[in-house]
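So the structure is just underneath, and the comments pick up after that.
The residues of the chain are indexed from 1 along the displayed sequence.
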Amino acid sequence: MSIDMERVAEVQRMIIALGLLVTVPLLMYRCAKWALFKVPAFRDFTTAWNARVAEKDFTDTLVALRKLGLSNIPLDPLRKAGRKNAAFVHTRYQIYMFLFAFGASDLFKSAIDSIDKQRVVGSMSKSALALALVVLPLLVWQARRSPGVARYRFLLSIMSAIEACEAVMSSQPDDRHKKLRRLDDACATVRRSILKVHLIAASTGRSSPRRQRAKQHAALVVAKLQIAEAEIDRKGDGALRGLAALLVKIGNNYAIGNVGNLLPDQTLKGVAAAPNREGLRMAGVIVATGSGLCVSVLLGFPEIAIAVTTAISALFACMVIYGPRSAVAKSQELLGVIWR
């Protein structure tokens, strides 16, 4: 059996290129992180920058709580929580958006050319495709591994839900349904985050007894939030204030590290734990995405068509399993981090 040495060399070049694509961004990320936290001049600047951005993020929440009549509620832990990394979180997501737009625009151009020429045309720029399909997921994975980013995103989702409570209370009858739907989406984001709060906090090991306790407590907290949300149509503004107060308590307790005690036991008395099906949903998305990839490869699609087919499979699976409203809410959450 003869071996095609040119093909072997091509595979070797692809492996080396992929290794560089993985190594270079991570190395640049690590070097920048070291400089920002270890060099005194950079450290002082970034500290002030983070504190300024965190205070700006919290301004709308303060106004919302004042309008809700909750201006006297304790806020210091929640308010101080983002002062170490608020600016970093916003900047990272702005970079991700730039890289995604850079690669996606190239894929869109290829799709238009393919339609015009009635045949599949490859990407006009392999570097753009690499940024969209390799570097971007790598940087997102690196950021998600950073506890600081995940923690602040969770607090931002709580702030958005509080502001949504005030928006409903201040709404006019003709647009109240829109504000209520926005509140539903914001609370759904908070509930999903609470169910995985033990992972976001990164304060418990896989075999820690605290981990199981935190998961059980999170299910009770989610059920309590659902009960509070269900009272809005019946009790009106009073229920909105109660929901906002619960969100503030959750944010404060989380900010000081009480992952297994987001709400006191007396508040959760008589509450049945909410089911957690996030693992099954994620497994469904992974299976559907993998199936789309395998089918496109078996049918002999070109590389560009494989990438597009896999992306469409993932998007369709998310919309079917989580619902289109959840996909919209997730997009709004990410855009809110960028342009808050």
Side-chain angles (χ1 to χ4, degrees), residues 21-66 71 73-102 131 135-163 189-190 193 197-204 247-259 262 333-340:
L21 279 173
V22 171
T23 304
V24 172
L26 283 181
L27 185 61
M28 293 174 62
Y29 175 85
R30 291 292 183 181
C31 291
K33 185 177 180 180
W34 179 88
L36 289 174
F37 285 100
K38 299 299 182 181
V39 179
F42 289 140
R43 185 175 63 240
D44 294 341
F45 170 77
T46 53
T47 300
W49 182 32
N50 280 312
R52 187 168 59 250
V53 173
E55 196 62 29
K56 181 181 177 182
D57 285 344
F58 204 71
T59 300
D60 292 339
T61 306
L62 280 176
V63 173
L65 289 171
R66 193 178 303 118
S71 55
I73 195 168
L75 293 170
D76 285 345
L78 180 59
R79 189 170 188 171
K80 295 177 181 177
R83 292 185 178 179
K84 292 184 178 180
N85 54 14
F88 294 153
V89 173
H90 288 277
T91 303
R92 282 170 177 171
Y93 279 97
Q94 288 167 354
I95 294 173
Y96 303 155
M97 181 61 70
F98 169 75
L99 291 174
F100 179 79
F102 186 60
L131 282 172
V135 179
L136 177 63
L138 183 67
L139 292 176
V140 171
W141 169 80
Q142 177 65 32
R144 290 180 69 86
R145 288 182 67 247
S146 172
V149 174
R151 290 170 189 160
Y152 193 60
R153 277 189 59 203
F154 176 46
L155 295 177
L156 282 176
S157 68
I158 290 177
M159 294 180 200
S160 296
I162 294 171
E163 292 162 18
T189 300
V190 173
S193 297
V197 70
H198 57 285
L199 299 176
I200 296 174
S203 61
T204 60
L247 290 167
V248 171
K249 290 179 182 178
I250 292 170
N252 281 337
N253 286 321
Y254 176 79
I256 62 177
N258 290 339
V259 177
L262 297 175
E333 179 193 358
L334 295 178
L335 293 175
V337 173
I338 298 170
W339 288 299
R340 187 177 175 86

Exercise for the section: Give the minimum heavy-atom separation between S157 and T189, together with the two atoms involved. Expected result: CB-CG2, 4.0 Å
For a quick test of your reading: what N or O donor-acceptor pairs under 3.5 Å do the side chains of residues 39-47 make, sequence neighbours left out?
residue, atom, partner, partner atom, Å
R43, NH1, K38, O, 3.3
T46, OG1, F42, O, 2.9
T46, OG1, R43, O, 3.0
T47, OG1, R43, O, 2.7

Practice task
Taking the side chain as every heavy atom from C-beta outward, state whether K249 and L262 have any pair of such atoms under 4.5 Å apart.
Solution key: no
Problem - Value rounded to 0.5 Å, distance of CD1 in I158 from OH in Y254 - result: 8.5 Å
Completion exercise
side-chain hydrogen bond (donor to acceptor under 3.5 Å, both in side chains) pairs touching residues 73-82, sequence neighbours excluded, are E55-R79
Problem - Partners meeting side chain to side chain contact (heavy atoms under 4.5 Å, CB included) with L78 (sequence neighbours left out) - result: F58, L155, N252
Practice task
Find out whether N253 and I256 are in side-chain contact, i.e. whether some heavy atom of one side chain is under 4.5 Å from a heavy atom of the other.
Solution key: yes
Handout entry: Distance, nearest 0.5 Å, that separates CD of E163 from CG of L65
Key = 9.0 Å
Exercise for the section: Taking all non-hydrogen atoms of both residues into account, name the closest pair between S193 and F154 and its distance. Expected result: CB-CD1, 3.4 Å
Completion exercise
Nearest heavy-atom approach of T61 to D57 is OG1-O, 4.1 Å
Exercise for the section: Could you tell me the separation between the CD1 atom of I162 and the CG atom of L62, rounded to the nearest 0.5 Å? Expected result: 9.5 Å
